[in-house]
Amino acid sequence: MSGRSLEEPNTNAWRRPDAMVKDCPSPIHILMGVRNGAAHLGEQLQSIADQTHREWQLTMSDDGSDDDSTQIAEAFAADWSNRVAVSSGPQKGFAENFLSMVRGLPDEPGFVAFSDQDDVWMSEKLSRGMAALSAVDGGLPALYGSASYIWNVAAGTRVETPPLRRPASFANALVENFATGNTMILNPAAARLLRDASRNIEEVYAHDWWAYALISGCGGRVIHDREPTLLYRQHPDNEIGAGETLLRRIRRDIAVADGRYERKVGQQIRALRQCENLLTAENAAVLDAFASARTSSPALRRFSRIARSGVYRQSMGDSIGFYIAALIGKV
């Protein structure tokens, strides 16, 4: 898919809701974190309005914007009356902004989707996720995530994210997040699980990475859709970027060298420890083995113990980089 040209959507005005649309029996509550996203927020909101799955509601948590984001959000809310709410975020970073919305979910949260402020959703995004989740027993926590198009607007290209090479699992989630939050939809059991667990944790690096770890760790179902469901816009202000450009590889290598990756993994482990009672016995053992191994020495012993813990990354290149980091104590 590399090099495919893509014309930027034209969304100069809201297309107002269709009064003739019938209710859908499975509404979805979309949670969107917003901060200084005025440049692209309108396009994302329009793509939500254009979803074929029409029964949704949206909460936008504005985390201290000083551009026109609040005005854009409030204009959209006015068009969609009681479907859209705009609230103020805690101003403690993007992960805490999302977790504040998760903590505020009602007793019966229903289906929940995460949304970034600067992407463009394919019109079938919600429909595909709901179709996949409908096949899961309602009592089992389940998370749907999908491939996406890494969208370089300046270059006019989009590149499809690579397929999974290994299964989605807790052992993978301890060291890597394969599906970004902007693609995720949770079934009601998973939404309840995250809401309750989020009230007992202090800090996570990324809400979506933690969601993947917790849902897989408790024995829930993780579904990966190979069909891209959104255009993942890449620009200098991305909180977390994607795509395997040379610049991204260099940034990732620097993050390992200066200990940032090690700190992210540590945050993930601490958050999981705070809700360890929710993990299966098998996954709790994986967590214990990995947490203990990453602090052991000398280097060869640390390498061996991390390998025996069972954790893994998806690609061969990432796996090699991971074990090099393990040898130098940066995991």
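The structure presented is a predicted model; accordingly, all values stated were derived computationally and were not measured.
Remark: Ser292 engages Arg305 in a side chain to side chain donor-acceptor pair (under 3.5 Å) (not counting sequence neighbours).
Using a 4.5 Å cut-off between side-chain heavy atoms of Ile, Leu, Val, Met, Phe, Trp and Tyr, with links allowed through other members, Val331 and Leu300 fall into the same hydrophobic cluster. The cluster map of Ile, Leu, Val, Met, Phe, Trp and Tyr, joined by side-chain heavy atoms under 4.5 Å apart, puts Met130 and Leu140 in the same cluster. Linking Ile, Leu, Val, Met, Phe, Trp and Tyr whenever their side-chain heavy atoms come within less than 4.5 Å leaves Tyr312 and Leu287 in two separate clusters.
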**Request:** Let me see the working for Ile28 and Gln51 under side-chain contact (heavy atoms from CB on, under 4.5 Å), right down to the final yes or no.
**Result:** CA-CA 11 Å; Ile28 303 175; Gln51 290 296 296; over 6 Å; no

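Within the 4.5 Å cutoff, no side-chain heavy atoms of Trp209 are placed close to those of Val204. When side chains are defined from C-beta on, Ser146 does not count as touching Arg128, because their heavy atoms never get closer than 4.5 Å.
Within the model, atoms OH of Tyr144 and CD1 of Ile223 stand 9.0 Å from one another, a figure rounded to the nearest 0.5 Å. Separating the OH atom in Tyr232 from the CH2 atom in Trp121 is a distance of 14.0 Å, to the nearest 0.5 Å. Taken to the nearest 0.5 Å, the OG1 atom of Thr183 stands 9.5 Å off from the CG atom of Asp116. For the atom pair Asn172 CG and Leu164 CG, the distance stands at 8.0 Å (nearest 0.5 Å). The distance from the CG atom of Leu272 to the CZ atom of Phe290 is 11.0 Å, given to the nearest 0.5 Å.
Nearest heavy-atom pair across Ala95 and Ala206 is CB-CA, 4.1 Å. Minimum heavy-atom separation, Tyr323 to Val311: OH-O, 3.4 Å. The nearest pair of heavy atoms linking Leu99 to Trp210 is CD2-CZ3, 3.9 Å. Scanning both residues, Ser61 and Ser88, for their nearest heavy atoms gives OG-C, 3.9 Å. A pairwise comparison of heavy atoms in Pro141 and Ile215 identifies O-CG2, 4.1 Å as the closest pair. What you find for Asn187 and Leu133 is that their closest heavy atoms are N-CD1, 4.1 Å.
Between Asp50 and Gln46, the side chains place a donor N or O and an acceptor N or O closer than 3.5 Å (distance only, hydrogens not considered). Gln117 and Ser69 are not linked by any side-chain donor-acceptor pair at a separation below 3.5 angstrom, with hydrogens and angles left out of the test.
Between His224 and Phe178, the angle of the ring planes goes over 60°, which puts this pair in the perpendicular group of the 30/60° scheme.
Gln274 places a side-chain N or O within 3.5 Å of a backbone atom of Glu202 that can act as its donor or acceptor partner.
Applying the salt bridge (Lys or Arg N to Asp or Glu O under 4.0 Å) test to residues at least two apart or on different chains, the pairs with a partner in residues 273-302 are Arg273-Glu276, Arg273-Asp288.
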